[in-house]
Structure formats: structure tokens, C-alpha cells
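Please read the structure below before turning to the comments.
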Amino acid sequence: MIETLPLDNRHPPWLDRRQFPFTSRFLEIEGHRVHYVDEGSGATLLFLHGNPTWSFVYRHIIADLKTDFRCVTVDYPGFGLSVAAAGYGFTPKEHSRVIEEFVNQLDLKEIILFVHDWGGPIGLDVAGRQPQRFRGFAIANTFAWSVDDNLLLAGFSQFFGGALGGVLIRRFNAFVNWIIPVGIQRQRCDRVLMHHYRAPFPTPSSREPTHIFAREILKSGSFLQQVSQGLCHLVDKPALILWGDRDPAFRASQCLRFQQVFPKSKTVILSGAGHFVQEDAARQIVEELRWLFKLFGI
């Protein structure tokens, strides 16, 4: 059953609808109340977020494209406006299962999948199992394989996914308060923007999903191997690779590997953009996505 939250509904009270002027919809999936946005009509774009963001990160892109395309974005349980069922582990493997059921319930087809950060493994895992539903990909500052041999990402996971990182995240919302500003390079993070990334995590326990994502960079080895193996089902599909070159986490080596995986790809370096390219380079991303649509003849 699909439930909608009209634009004039003031819940949750922290959400400024002027910043996020979309109808909120909800699906029940495996006991979770999963929030998503479904705006416009036409070819379907499915946007998947990373850590510690939510659908809000795609607001500028959706606002520009919804006049011509169907733009769908979804919050994982425990993120944004989605509520997780009791006992949920918040691991990427579980999130991938939720997203697959989301795609199945909405019966999305001919999908152009936009992935970023943890959205890469989560979304590409689904695509590897159901390649017939996917038309192509837009890939931004993410990964789809084990990064155990990457000293930077491994060290990041050990710190933020470890005991001390857990304390800092739960007590001080450190993943939002530290990582968001560091990951946005072309502009300053103003009070309104930071408010909308902090607000979904108001309590120590609500921040645990961001800690788990950090931990799982190293702990989800078998899942990441599964994702990597599934890429063989996708190599014939076109991909647009969008890469912020001032990302402190995902460097050129990850971009190069995606170029090798997807021979039918175009790479655009988003000069000066940090990790959160949706905040730094939304207009440029929209222009490049429209190029991809012309390639598809849509």
C-alpha cells in the first residue's frame, strides 16, 4: 500500500518544504516504512544515496529533471524519512534487499540508475540480479568491490567504524558534522543545508546506521564480492561516470576501475567538486544526464 504525505503536511517538523518541495510517499517493505519521492513522468531515473545522506541530496537534480523525466529516489531504513523495523541491522546487504523489493513493488523498468557512495554497491547489486530492469547507469564517486587493499578507505573504516568512531558518531553526530563539510568543496555548507542532514539523526541510537555503514566498508567483504561478480551482467549497458576530483575518499583509481568495467562509458571529471557531487555540481550533472538521455534517444 502506498501512503502519501502532502506538501502542506508539517511532519516531520524539521523538514522545510521550500528546500524539499516534493510529495513524500511511503511503502511498507519487510516491516519498514520506506520513504521515497516519485516526481514527473517519462523515462525512469532511480537515485540512490550514500552515507550519511538521504533523498534530500538529489533535490536540485530532481527539480531540474522532473519536468521531462520520472525521478524516483528512496531513503534506506534508518535514513532520511524512512523508519526501520525492529531488529534491522542497517548493513548494505540488507539495504540492497529493501531496494530490490522497492523496485519490484513499483515494478520499475528501463531504469537509469544513479548511484553515489554506498548507493553504488547497493544499487549495482540489485542491477546484477535483475539486469533486465536496467537501461544504463550514472555512477558518481562510489565503488562496487572490496576496498580492503585501499589504505585510505580501510583506515577510514577502522576509525569511524571502530569503537572510538562509534562514540563520536553517537554522541556528536560526527559523521554528519565532519564528513558533510569536508565532502563539499565548491561551496560553504550553510546552516539550512546542515540542518537537513543533521535532523534525521536526533538521538545517539538514531545515528548508529551511519556508524554501521562506516564499519561495513571492511566488514561487508562477502557482499562486496557478490556485487563485483554481478557486474558481468551489466557490462554491455552504457554508463555515465561523474567524478568529483577533490573527493578525499574515492580517488581516480576507483573511477578508472569503473571505466574498465563499463566499456560503453563516458567519463566527466567534475573539476573542484568533492565527494558530495550532488551539492557541488548539480547543474553540471543535469547537463550530462541530458546527454545520456539523448544517447538513449529519449
Side-chain angles (χ1 to χ4, degrees), residues 43-51 53 57-58 61-62 65 69 71-74 76 92 95-96 99 103 108 110-131 133-147 150 153 183 213 217 223-224 226-271 273-282 284-296:
T44 299
L45 287 83
L46 175 60
F47 300 92
L48 296 183
H49 67 84
N51 187 25
T53 57
V57 77
Y58 289 109
I61 297 172
I62 293 172
L65 291 177
F69 306 98
C71 297
V72 181
T73 183
V74 57
Y76 313 132
H95 291 319
S96 180
I99 295 302
V103 167
L108 300 181
E110 295 290 299
I111 301 165
I112 300 168
L113 178 66
F114 190 117
V115 295
H116 174 254
D117 192 86
W118 268 112
I122 290 167
L124 293 171
D125 181 53
V126 176
R129 289 197 299 274
Q130 297 201 45
R133 288 189 179 270
F134 293 85
R135 190 172 188 176
F137 305 96
I139 297 167
N141 293 71
T142 183
F143 65 116
W145 37 73
S146 171
V147 292
N150 185 306
L153 291 172
F213 255 152
I217 294 172
F223 169 72
L224 291 169
Q226 172 183 301
V227 176
S228 180
Q229 291 172 345
L231 294 175
C232 66
H233 303 299
L234 309 176
V235 296
D236 62 327
K237 300 179 187 292
L240 174 63
I241 301 171
L242 301 157
W243 216 263
D245 65 358
R246 293 192 63 188
D247 186 342
F250 294 97
R251 303 289 180 85
S253 60
Q254 305 294 330
C255 178
L256 176 61
R257 187 159 177 182
F258 276 114
Q259 292 171 334
Q260 294 168 341
V261 167
F262 292 100
K264 297 178 182 178
S265 65
K266 173 186 176 182
T267 298
V268 177
I269 300 301
L270 304 172
S271 180
H275 179 65
F276 298 103
V277 295
Q278 306 95 322
E279 298 288 354
D280 271 338
Q284 187 176 357
I285 289 170
V286 167
E287 292 172 356
E288 295 297 341
L289 284 172
R290 289 189 181 277
W291 169 86
L292 183 64
F293 304 149
K294 288 181 182 178
L295 179 66
F296 289 149

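Treat the numbers as computed from the prediction; the structure is a model and nothing was measured. In this chain, numbering begins with 1 at the start of the sequence shown. The figures here come from the full heavy-atom set of this structure, side chains too, leaving out hydrogens, waters and symmetry mates.
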Close side-chain approach of [X] to [Y], heavy-atom, < 4.5 Å:
{"X": "Val72", "Y": "Leu45", "result": "no"}
{"X": "Ser96", "Y": "Arg129", "result": "yes"}
{"X": "Tyr58", "Y": "Cys71", "result": "no"}

For the atom pair [atom1] ([X]) and [atom2] ([Y]), what is the distance rounded to the nearest 0.5 Å?
{"X": "Asn141", "Y": "Asp280", "atom1": "CG", "atom2": "CG", "value": "10.0 Å"}
{"X": "Phe114", "Y": "Leu48", "atom1": "CZ", "atom2": "CG", "value": "10.5 Å"}
{"X": "Ser146", "Y": "Leu153", "atom1": "OG", "atom2": "CG", "value": "10.0 Å"}
{"X": "Thr53", "Y": "Glu279", "atom1": "OG1", "atom2": "CD", "value": "9.0 Å"}
{"X": "Ile241", "Y": "Leu270", "atom1": "CD1", "atom2": "CG", "value": "11.5 Å"}
{"X": "Arg257", "Y": "Phe262", "atom1": "CZ", "atom2": "CZ", "value": "12.0 Å"}

Set of residues satisfying side chain to side chain donor-acceptor pair (under 3.5 Å) with respect to Ser271, sequence neighbours excluded: none
Non-neighbouring partners of Glu110 that pass side chain to side chain donor-acceptor pair (under 3.5 Å), sequence neighbours left out: none
Taking the ring of [Y] and the ring of [X], is the distance between their centroids below 6.0 Å?
{"X": "Phe258", "Y": "Phe143", "result": "no"}
{"X": "Phe47", "Y": "His116", "result": "no"}
{"X": "His275", "Y": "Phe250", "result": "yes"}

Without swapping roles, check the side chain of [X] against the backbone of [Y] for a donor-acceptor pair under 3.5 Å.
{"X": "Asp117", "Y": "Thr142", "result": "no"}
{"X": "Lys237", "Y": "Pro131", "result": "yes"}
{"X": "Tyr76", "Y": "His49", "result": "yes"}
{"X": "Trp243", "Y": "Ala140", "result": "no"}

Using every non-hydrogen atom in the two residues, find where [X] and [Y] come nearest and quote the distance to one decimal.
{"X": "Lys264", "Y": "Asp236", "result": "NZ-O, 3.2 Å"}
{"X": "Ala239", "Y": "Ile139", "result": "CB-CD1, 4.3 Å"}
{"X": "Val227", "Y": "Ala144", "result": "CG1-O, 3.7 Å"}
{"X": "Phe223", "Y": "Pro121", "result": "CZ-O, 3.8 Å"}

Determine, step by step, whether Thr44 and Ile112 satisfy the side-chain contact (heavy atoms from CB on, under 4.5 Å) criterion, reporting the C-alpha distance in whole Å, the side-chain angles of both residues, the deciding distance to 0.1 Å, and the verdict. CA-CA 6 Å; Thr44 299; Ile112 300 168; over 6 Å; no
Electrostatic pair Arg251:Asp247 at N-O distance under 4.0 angstrom: no
Run Phe134 and His233 through side-chain contact (heavy atoms from CB on, under 4.5 Å) and show every step you take. CA-CA 11 Å; Phe134 293 85; His233 303 299; over 6 Å; no
Under the side-chain contact (heavy atoms from CB on, under 4.5 Å) rule, what do Phe137 and Val115 come out as? Steps first, then yes or no, please. CA-CA 8 Å; Phe137 305 96; Val115 295; 6.0 Å; no
With side chain to side chain donor-acceptor pair (under 3.5 Å) as the criterion, how do Ser265 and Gln259 come out once you've worked through the C-alpha distance, each side chain's angles and the decisive distance to 0.1 Å? CA-CA 7 Å; Ser265 65; Gln259 292 171 334; over 6 Å; no
side-chain contact (heavy atoms from CB on, under 4.5 Å) for Leu65 and Leu289? Distances and angles first, verdict last. CA-CA 9 Å; Leu65 291 177; Leu289 284 172; 3.7 Å; yes
Check step by step if side chain to side chain donor-acceptor pair (under 3.5 Å) holds for Gln130 and Arg133. CA-CA 6 Å; Gln130 297 201 45; Arg133 288 189 179 270; 2.7 Å; yes
